[in-house]
Amino acid sequence: MLSYPTVRASLIFFAVAIAGLLFADIAITASNPWRDLGNFFLGVVTPNFFSSEGLMTALLRTVAFAFVGVALGSFFGFLLALVYRLLPVRIFCAFIRAIHELFWALIFLQFFGFHPLTGVLAIAIPYSGIFAKVYSEILEEADPEPRRLLPPGTGMVAAFLYARIPDCWDQMRTYTAYRLECGLRSSAILGFVGLPTLGFYLESSFSQGLYSDAGAMLILFYVLIASIPLWVRPKLLPIYILAAPFFLGEGLPIVWGNVERFFTEDIIPAPLRGDEGLTGLLPWLNDLMINEALPGIWNTILLTQIALVATGILALLAFPLISNHFGGPVRRTSGHVFLVIARSTPEYILAYILLQLWGPSMLPAVVALALHNGGIIGHLIGRQTNNIRLRPDAPAGFNRYTWELVPRVYRSFLAFLFYRWEIIMRETAILGILGIYTLGFYVDSAIQNIRFDRAMVLILITALLNIGVDALGRYIRRKLALQTMPTC
C-alpha cells in the first residue's frame, strides 16, 4: 500500500500535522466550557427572533452586500477571463484573490470608513480574481467543434457569443450561483469589522451572553442559505441586482482627503516618510520580519497544516452520512442536516463562537476550519459515492467503507482537499483578528495602532504565502495526476 503515491503523500501530510501538534497551542482555557456550551445550545433551541429591531435589516443588508459584490465580481471576472492567458493578468488575479475579504475590508475602512462601498469592494475585488480563474478554465474546456461549423467570415465577437458561450453557459451559471452562497457567508462576516450585516449583531449578542438572540441569527442564516434554490430564480435575478444597491444603507460620507492621505502617506514605510530615508528602511523591515512577520508565518503554516489534516479526517468520516450505501433515509436526512450546517457556517463565525466557549487557543480555529471544510468535502464525496454501483457480493458495513468506497473515491477526495488547502490558509490568516497569533493578528494590531505601513507589508506577505501554497497544491495535484475542479 505504501507504494501508492497518494498514500505516501497522505502519510507525509499526516506526519507533518502530528509534529505540528507538538508546537501548537491546543487547549481549552475557559473556566467552565461545558456550561457555556450548554448555554449556547440552549440558546439555539430557544431562539429569540424578536430580540432586535435591526435583525431583519441586518439580514437584508447581508443579502444586498452579497448580491452587489458577487454581481460586480462576476462581471469584472468575466472580462479578466477573456485575457487570462496573459501572464500579468494571471499574476494580478492571483494576488487579489489571495487576500481575504476581511483584509480588504480593513484596508477600505481606513479611508472609506463605514460606507457601503467598503463592504461591496471587499467582496467584489477578491471574487473578481476567483471568477476570472474559474471562468477562464470553463472557457478553455469548451467544445471547439461549434466554432468550426460557423460560416466563413464570422467575426471574433460573434463566434465567441454564438459558439463558446452557449456551450459554457450552464457551467458558468452553476458556479456563479455557488459563488453567491459563498458571497452570503462573506457578507455575514463583514459585520465583525463593524459593517451592518449579520455578523455585527451576532458579535454583539455573544459579547452580552444573549445566546437565544445569537441562536436566532444563526437559524435565520441557515434558512437563508438552505432556501437559495427557492428564492434565487433566473427571472428574478435582474430585479435583485437592480434593487440590492438601495438596501446597502447610507453609512458615513466618504472623506476623499483620507483616501489621498492613505495612498500618499499612511502606507509609505515610516523611514521613508521621516528623515531616515533608505538607510532606515532595512532596520525597519528587519524589526517587522523578526517580531511580527516570521512568528505570524510560522503560526499560520502550523495551524493550516493541522487544520488541513483534520479536515481530511472529518471529510472521510462524514461522507457515509449521506451516502446511499450506508444506513436508511432517516440517517441520511440527519447527515444532510449536519453537513448543511457545517458547510454553511463561515469558519470565522464558527471560530468566534468556539473562542467564546473554550477560550483563546488554536483549538477553536482547528475545529472551525475542519468542520466547515470537512463538511464541504464530505458532502461532495458523499454525492459522488451515490453514483457508484457496487457488485452484488460487495461486503457490508465497515468493510464496504474501507475496501470498496474509500479506495474508489480517494483520488477525488485528495483533489478536493488540496484545492481547499489555499482556502484554509486564507482563513487561518484572517482568524488572527480573533486573537490567534497568525498573520491576521499582527495585521489587526498594526491597524489598531495606526501603523498602516506595517499592516500593508504583512498583508502582502499573507498574499504571497497564499499564492505559494496554491502553486504547491497545483504541483502536488499534477504529480499525483489528480483531477482538477473549481472550488469555493
Report task. Run the numbers on Asp470 and Arg426 for salt bridge (Lys or Arg N to Asp or Glu O under 4.0 Å), then give the verdict. Result -> CA-CA 10 Å; Asp470 185 41; Arg426 287 175 72 240; over 6 Å; no

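For Glu347, there are no salt bridge (Lys or Arg N to Asp or Glu O under 4.0 Å) partners, not counting sequence neighbours. Taking the side chain to side chain donor-acceptor pair (under 3.5 Å) definition, one finds that Tyr222 meets it with Thr345, sequence neighbours left out. When the ring-ring contact (aromatic ring centres under 6.0 Å, His included) test is applied to Phe23, the partners found at least two apart in sequence or on another chain are Trp298. For the side chain to side chain donor-acceptor pair (under 3.5 Å) test, residues two or more places apart in sequence or in another chain that qualify with Trp231 are Ser227. Annotation: side chain to side chain donor-acceptor pair (under 3.5 Å) contacts of Gln305 (sequence neighbours excluded): Trp421. In this view, Glu181 and Arg185 satisfy the salt bridge (Lys or Arg N to Asp or Glu O under 4.0 Å) rule, not counting sequence neighbours. Every residue was checked against the salt bridge (Lys or Arg N to Asp or Glu O under 4.0 Å) condition with Arg35, not counting sequence neighbours, and none meets it. Applying the side chain to side chain donor-acceptor pair (under 3.5 Å) test to Thr300 and every residue at least two apart in sequence or in another chain returns nothing. Every residue meeting the salt bridge (Lys or Arg N to Asp or Glu O under 4.0 Å) condition with Arg273, not counting sequence neighbours, appears here in chain and number order: Asp453.
For the ring pair (Phe, Tyr, Trp, His ring centres under 6.0 Å) with Phe67, the qualifying choice from Tyr127, Tyr240, Phe247 is Tyr240, the only one to do so.
Between Gln110 and Asp266, every side-chain heavy-atom pair lies at or beyond the 4.5 Å cut-off. Put simply, the side chain of Phe131 reaches to within 4.5 Å of the side chain of Tyr175, judged on heavy atoms. Side-chain contact between Phe418 and Leu472 is absent, with no heavy-atom pair separated by less than 4.5 Å. Contact annotation: the side chain of Met425 approaches that of Ile301 to within less than 4.5 Å [non-hydrogen atoms, C-beta and beyond]. By the 4.5 Å heavy-atom criterion applied to side chains, Ile306 and Leu21 are counted as neighbours. A heavy-atom distance below 4.5 Å is found between the side chains of Tyr211 and Phe206.
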Identify all side-chain donor-acceptor contacts of residues 356-369 below 3.5 Å with residues at least two apart in sequence or on another chain.
residue: Gln356; atom: NE2; partner: Tyr352; partner atom: O; Å: 3.4
residue: Ser361; atom: OG; partner: Ala27; partner atom: O; Å: 2.6
residue: Ser361; atom: OG; partner: Leu363; partner atom: N; Å: 3.1

What pairs of donor and acceptor atoms, side-chain ones from residues 432-445 against any protein atom, are under 3.5 angstrom apart with sequence neighbours left out?
residue: Thr438; atom: OG1; partner: Thr428; partner atom: O; Å: 3.0
residue: Thr438; atom: OG1; partner: Ala429; partner atom: O; Å: 3.1
residue: Thr438; atom: OG1; partner: Gly432; partner atom: N; Å: 3.1
residue: Ser445; atom: OG; partner: Phe441; partner atom: O; Å: 2.8

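Applying the ring pair (Phe, Tyr, Trp, His ring centres under 6.0 Å) rule to pairs touching residues 359-386 yields nothing, sequence neighbours excluded.
Rounding to the nearest 0.5 angstrom, the gap separating the CG atom in Asn324 from the CZ atom in Arg383 is 12.0 Å.
Surrounding CZ of Phe192 are more than 12 heavy atoms belonging to other residues, nucleotides or ligands, all under 6.0 Å away. The environment of Glu250 atom CD is sparse: at most 12 non-hydrogen atoms of other residues, nucleotides or ligands sit within 6.0 angstrom. No more than 12 heavy atoms of other residues, nucleotides or ligands lie within 6.0 Å of CD1 in Ile450, so this atom counts as exposed by the packing criterion.
When atom types are taken as modelled, the side chain of Ser205 and the backbone of Tyr201 share a donor-acceptor pair closer than 3.5 angstrom. A distance-only check finds no donor-acceptor pair linking the side chain of Thr118 to the backbone of Phe114 [under 3.5 Å].
Thr176 and Tyr135 share a side-chain donor-acceptor pair at under 3.5 Å.
Note: Phe112 and Trp256 have perpendicular aromatic rings, judged against thresholds of 30 and 60 degrees for the angle between ring planes.
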